[in-house]
Amino acid sequence: MKWNMTLDLSSIITSILTLETTIVVFYWSYRQYNQLKEQLKIQNEQIKLNFFSEYTKRYREIILHFPENINEKLLRCKHSFFVSREKQ
């Protein structure tokens, strides 16, 4: 009887330790998942900022290489368009 009780006690202790280990593993998995999710969110924001930065850089370069009198030509075209429409 004593030997059987010892076996039962060791079985219970083993079951409790297994349960605790399982709980710890799930807890750490959950934490890792949340950390990974946060890291991906930050990385996504960085990619968006980088894309926007490259876009504005290219836009600035295009604008800087426009001829200086491009606005005058554009105004003349608009003006001539409106003048021709008024004559009709």
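Predicted model, so just to flag it, every value in this text is computed and none were measured.
The hydrophobic side chain of F51 is isolated, with no ILVMFWY side chain under 4.5 Å apart from it. Other residues sharing the hydrophobic cluster of Y33, ordered by chain and number and joined by side-chain separations under 4.5 Å: none, the residue standing alone.
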For residues 13-26, which side-chain N or O atoms pair as donor and acceptor with protein atoms under 3.5 Å away, sequence neighbours left out?
residue : atom : partner : partner atom : Å
T14     : OG1  : S10     : O            : 2.7
S15     : OG   : S11     : O            : 3.0
T18     : OG1  : T14     : O            : 2.7
T21     : OG1  : L17     : O            : 2.7
T22     : OG1  : T18     : O            : 2.8

I'd like a table of donor-acceptor pairs (distance under 3.5 Å, sequence neighbours excluded) in which one partner is a side-chain atom from residues 37-50, with atom names and distances.
none

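Between N34 atom CG and Y30 atom OH the span is 4.5 Å, to the nearest 0.5 Å. Taking CD of Q32 as the reference point, atom OH of Y27 lies at 11.5 Å (rounded to 0.5 Å).
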